[in-house]
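To keep things clear, I will list the structure first and then write my remarks on it.
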Amino acid sequence: MRKLLIILTSLLLTACVDDSASYHVDGENGSHVLTLHRVQKHFWSKDSDVELIIQRLPDCLRRIPLTDMPADDVEVELLSGGDNVWTLRAGEEAWQVESQTCSQYPDVKGDGGELIGVFRVDEKKLVFEAAVLETVPDTAAAPAGK
């Protein structure tokens, strides 16, 4: 009976989600990283806890709880306001953090800045997709009328 209970318990835990995706501010080998982490605590829960982990070593390492979201439908935009100010936006909710002092602002100021990318679920795994920045052709450099 005990073996059956152990097997059933392990099967119940396999439905839970616990993963993360990261944006490396200063490249893959750098120490400045923003990581979105989602955890579905119980297999019967449809929601997951979403938190941000800010890392800029050796000065900053902090976890900031953000919100609960449907486990299979996490989508959070990452925007840069410059000067290590970051805005995360999910629907109507938004959070602004600063990775110089590892702090969270009480209110979001401004429009958030430039879109860097989106944290989202892809194939049941949380991933970070960098934004594709469009380049505007330089019409002033083109010769006129030739």
Side-chain angles (χ1 to χ4, degrees), residues 2-139 141-142:
R2 185 173 180 194
K3 287 182 184 181
L4 181 61
L5 186 59
I6 291 171
I7 292 171
L8 288 175
T9 302
S10 65
L11 289 175
L12 293 176
L13 292 176
T14 59
C16 294
V17 172
D18 186 352
D19 64 355
S20 61
S22 298
Y23 168 65
H24 298 264
V25 177
D26 54 1
E28 281 293 319
N29 297 323
S31 62
H32 192 176
V33 182
L34 302 173
T35 300
L36 199 73
H37 180 228
R38 72 176 174 147
V39 176
Q40 182 184 11
K41 292 185 180 179
H42 309 287
F43 75 93
W44 60 84
S45 174
K46 295 193 182 306
D47 289 340
S48 61
D49 294 337
V50 178
E51 66 182 354
L52 175 68
I53 302 168
I54 304 173
Q55 172 183 315
R56 194 184 53 73
L57 297 176
D59 302 318
C60 169
L61 181 59
R62 181 176 176 198
R63 284 181 186 262
I64 298 174
L66 298 180
T67 189
D68 290 344
M69 300 179 100
D72 294 334
D73 193 25
V74 172
E75 187 164 315
V76 179
E77 295 176 323
L78 175 65
L79 301 105
S80 172
D83 296 326
N84 292 323
V85 175
W86 308 93
T87 301
L88 292 105
R89 189 169 52 202
E92 297 295 317
E93 293 185 89
W95 308 269
Q96 203 163 48
V97 298
E98 193 262 322
S99 59
Q100 188 65 34
T101 60
C102 237
S103 56
Q104 180 179 9
Y105 295 147
D107 298 313
V108 175
K109 297 175 176 100
D111 66 354
E114 177 184 358
L115 179 65
I116 301 299
V118 178
F119 294 98
R120 68 172 46 140
V121 177
D122 184 27
E123 304 280 328
K124 296 187 179 186
K125 182 173 175 22
L126 191 62
V127 297
F128 177 76
E129 294 178 357
V132 178
L133 303 176
E134 294 182 23
T135 57
V136 177
D138 187 8
T139 56

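Note that the numbering runs from 1 along the sequence shown for the chain. What you are looking at is a predicted structure, and each value in this text was computed from that prediction instead of being measured.
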### Set of residues satisfying side chain to side chain donor-acceptor pair (under 3.5 Å) with respect to Thr35, sequence neighbours excluded
Ser22
For residues 102-112, dump all side-chain donor-acceptor pairs below 3.5 Å to protein atoms at least two apart in sequence or in another chain.
residue	atom	partner	partner atom	Å
Ser103	OG	Thr101	OG1	3.0
Asp111	OD1	Gly113	N	3.0

### side chain to side chain contact (heavy atoms under 4.5 Å, CB included) evaluation trace for Ser99 with Val97
CA-CA 7 Å; Ser99 59; Val97 298; over 6 Å; no
### Query
Got a donor-acceptor contact below 3.5 angstrom from the Glu123 side chain to the Lys125 backbone?
no
### Task
Could you pull out all residues at least two apart from Thr87 that satisfy side chain to side chain donor-acceptor pair (under 3.5 Å)?
Gln96
#### Entry: Test log, rule side chain to side chain contact (heavy atoms under 4.5 Å, CB included), inputs Ile53 and Ser20
CA-CA 10 Å; Ile53 302 168; Ser20 61; over 6 Å; no
### Message
I need the Cys16 SG to Lys41 NZ distance, nearest 0.5 Å.
### Response
11.5 Å
### Query
What pairs meet the ring pair (Phe, Tyr, Trp, His ring centres under 6.0 Å) rule with one or both residues in residues 111-131, with sequence neighbours excluded?
Tyr23-Phe128, Phe119-Phe128
### Query
Is there a side chain to side chain contact (heavy atoms under 4.5 Å, CB included) between Val76 and Thr67 once you walk through the steps?
CA-CA 11 Å; Val76 179; Thr67 189; over 6 Å; no
#### Entry: Least distance between heavy atoms, Ala71 atom then Ser48 atom
CA-OG, 3.6 Å
#### Entry: Those residues that, when tested against Glu93, pass salt bridge (Lys or Arg N to Asp or Glu O under 4.0 Å) (two or more places apart)
none
### Query
If every non-hydrogen atom of Gln40 is compared with every non-hydrogen atom of Asp47, which pair is closest and at what distance?
CG-O, 3.6 Å
#### Entry: Those residues that, when tested against Asp19, pass salt bridge (Lys or Arg N to Asp or Glu O under 4.0 Å) (two or more places apart)
Arg38
### Validation row: Leu36, Leu66 side chains within 4.5 angstrom (heavy atoms)
yes
### Task
If a pair satisfies salt bridge (charged side-chain N to carboxylate O under 4.0 Å, His left out) and one of its residues is in residues 20-35, list it, with sequence neighbours excluded.
none
### Query
According to the salt bridge (charged side-chain N to carboxylate O under 4.0 Å, His left out) rule, which pairs have a member within residues 70-79, sequence neighbours left out?
Glu75-Arg120, Glu77-Arg89
### Message
Apply side chain to side chain contact (heavy atoms under 4.5 Å, CB included) to residues Asn84 and His32 and explain how you reach the verdict.
### Response
CA-CA 10 Å; Asn84 292 323; His32 192 176; 3.1 Å; yes
### Pairwise side-chain contact, Leu34 with Ile54, heavy-atom cut-off 4.5 Å (strictly under)
yes
### Query
Which ring pair (Phe, Tyr, Trp, His ring centres under 6.0 Å) pairs, counting each pair once, include a residue from residues 63-85, with sequence neighbours left out?
none
#### Entry: Beyond-backbone contact of Trp86 with Ile116, side-chain heavy atoms, under 4.5 angstrom
yes
### Query
With sequence neighbours left out, what residues match Asp68 under side chain to side chain donor-acceptor pair (under 3.5 Å)?
none
### Task
Name all residues meeting the side chain to side chain donor-acceptor pair (under 3.5 Å) criterion together with His37; count only those two or more places apart in sequence or in a different chain, and write none if there are none.
Asp18, Glu51
